[in-house]
Amino acid sequence: MSSPLRFDRGHTDDLMAFLMAAPSPYHAVAAAAARLEKAGFRQVEETDAWDGSVGGKYVLRGGAIVAWYVPEGVGAHTPFRIVGAHTDSPNLRVKPLPDTGAYGWRQIAVEIYGGTLLNTWLDRDLGLAGRLSLRDGTHRLVDIDRPLLRVPQLAVHLDRSANPDGLKLDRQKHMQPIWGLGEVEEGDLIRFVADAAGVDPAEVTGWDLMPHPVEPPAYLGRDHELLAGPRMDNLLSVHAATAALAAVATQPDDRIPYIPVLAAFDHEENGSQSDTGADGPLLGTVLERSVFARGGSYEDRARAFAGTVCLSSDTGHAVHPNYAERHDPTHHPVANGGPILKVNVNMRYATDGGGRAVFAAACEKAGVPWQTFVSNNSMPCGTTIGPITAARHGIRTVDIGVAILSMHSARELCGADDPYLLANALAAFLAG
């Protein structure tokens with residue numbers, strides 16, 4: 001079904017720009033922070049003392065950002081309204097000793113990050129992005145956004161079984177990108193990247209680098225009703241949540257009954273267990289410090305958490321027309337049908353009936369249609385930061401998102417209306 005709302009192409013155009021600006025989690029949080037700065041937010045350092053002043057603040061740590069807005073007149077025990085998301089996507093990551101190759105080809109040694117669809121990385125023009133860690137303890141973002149790398153597929157003439165039996169890829173042997181010709185030189189890649197970043201290679205003591213497709217996002221379909229692009233799992237949610245928080249913080253009527261929060265974590269695709277992941281202490285520490293900075297006690301903290309709700313926003317599965325049997329027969333989320341409520345009674349998703357009511361109320365307030373996703377009982381169900389957030393912090397959490405195809409591909413597909421619909425639902429939720 002199509003959306004009853006007017007499609008706001010401006011939001012989706014901005015999402016496309018956001019995807020291009022965010023080839024790594026570190027770039028994603030920088031892009032989100034830039035948008036929040038325009039809405040009046042300011043960065044606070046974790047090592048500084050915090051105050052309880054009104055207004056928007058945010059913390060950056062690696063590939064994670066937590067931002068919150070303190071309205072006028074709130075108490076120390078005021079609950080939070082949180083939108084949780086993640087900044088990382090399944091991809092390839094450069095190894096500590098990256099320079100490799102054979103038979104006259106210069107290659108880059110990579111690890112496989114998360115549950116990526118390996119075949120989607122074959123025969124694509126790839127750039128390289130991430131961050132360099134310098135001797136003085138600072139970091140420098142780098143984005144080589146041009147065709148630099150390629151993972152070449154074996155010609156069908158040398159693997160006649162590839163079409164009838166399916167392509168079989170060895171994660172160690174078959175996924176090392178080519179980036180030139182000649183003899184392998186130790187340190188060559190980092191010297192090249194450092195030069196692109198404008199830093200002395202001798203000052204580079206560490207790196208977190210990853211290839212990315214350089215093909216830009218694009219509208220697709222007869223009526224441009226679809227959007228194809230990289231890293232929509234889950235930068236689509238990060239972008240929508242950032243837009244929603246900025247909108248709530250700049251609305252003329254500042255009487256917001258909650259403290260709206262954006263929490264975008266790293267490392268969801270490999271379990272969230274890091275200091276910047278949802279299973280780490282970052283969110284809880286920020287929320288507690290916000291309470292205490294406003295003069296609150298542990299009792300105020302407990303009251304605030306008891307009334308807090310988190311929407312864990314991550315992409316979900318639209319029904320695939322070529323594989324409909326893999327989906328639940330009575331739950332068929334479709335593109336441009338609005339955001340989805342994700343349900344699993346075994347708590348792979350954190351949604352319960354009370355959470356459903358909160359989400360339904362936000363969508364009704366925003367005038368946004370919504371759908372429900374449930375896995376086929378014969379198929380394993382994925383999970384999100386939702387159950388982790390609920391269990392770690394003891395706060396009600398609801399799993400939602402946008403239905404897409406080609407999840408974990410190097411290039412995913414969604415309805416072009418859905419990012420706008422999600423952002424409107426999130427803004428209604430954050431505003432209470």
Trp105 atom CH2, neighbour heavy-atom count above 12 within 6.0 Å: no

Ring centres under 6.0 angstrom apart (Phe359, Trp370): yes

Determine, using ring centers only, whether His11 and His239 are less than 6.0 Å apart. yes

Where does the angle between the aromatic ring planes of Tyr69 and Phe41 fall among parallel (under 30°), tilted (30 to 60°) and perpendicular (over 60°)? tilted

Value for OG (Ser406) from CD1 (Ile404), rounded to nearest 0.5 Å, stands at 7.5 Å

Working to the nearest 0.5 angstrom, can you tell me the gap between Phe18 CZ and Arg231 CZ? 10.0 Å

Pair Phe80-Ser290, side-chain contact (heavy atoms from CB on, under 4.5 Å): steps then yes or no: CA-CA 10 Å; Phe80 300 92; Ser290 175; 4.1 Å; yes

Please tell me whether Trp179 and Phe192 form a close aromatic pair, meaning their ring centres lie under 6.0 Å apart. yes

Rounded to the nearest 0.5 Å, what separation is found between the CG atom of Asp266 and the OG1 atom of Thr87? 4.0 Å

Does CD belonging to Glu325 count more than 12 external heavy atoms closer than 6.0 Å? yes

Looking at Glu37 and Arg42, is there a salt bridge between them, counting it only when a charged N and a carboxylate O are closer than 4.0 Å? no

Please determine which of Leu236, Asp14, Leu235 meets the side-chain contact (heavy atoms from CB on, under 4.5 Å) test together with Leu19. Leu235

Among Thr116, Thr315, Asp233, find the one that has a side-chain hydrogen bond (donor to acceptor under 3.5 Å, both in side chains) with His408. Asp233

Rounding to 0.5 Å, atoms OG1 (Thr397) and CD1 (Ile385) come to a distance of 8.5 Å

Would you say the side-chain atoms of Asn344 pair up with the backbone N or O of Cys381, donor to acceptor, closer than 3.5 Å? no

When rounded to the nearest 0.5 angstrom, what distance separates OG1 in Thr285 from CG in Leu287? 9.0 Å

When you check the gap from the basic side-chain N to the acidic O, do Glu111 and Lys95 get nearer than 4.0 Å? no

I'd like to know whether Asp314 forms a side-chain hydrogen bond (donor to acceptor under 3.5 Å, both in side chains) with Ser312, so could you lay out the CA-CA distance, the side-chain angles of the two residues, the decisive distance to 0.1 Å, and finally the verdict. CA-CA 6 Å; Asp314 203 346; Ser312 165; over 6 Å; no

Between Arg140, Arg93, Arg131, which is the residue that forms a salt bridge (charged side-chain N to carboxylate O under 4.0 Å, His left out) with Asp208? Arg131

Going from OG1 on Thr100 to CG on Asp188, what distance comes out if it is rounded to the nearest 0.5 angstrom? 12.5 Å

Side-chain heavy-atom pair Met16, Pro216 within 4.5 angstrom cut-off: no

For the side chain of Thr308 and the backbone of Ile395, is there at least one donor-acceptor N/O pair under 3.5 Å apart? no

Check whether NZ of the Lys or CZ of the Arg Arg9 lies under 6.0 Å from the centre of the six-membered ring of Tyr219 and within 45 degrees of that ring's axis. yes

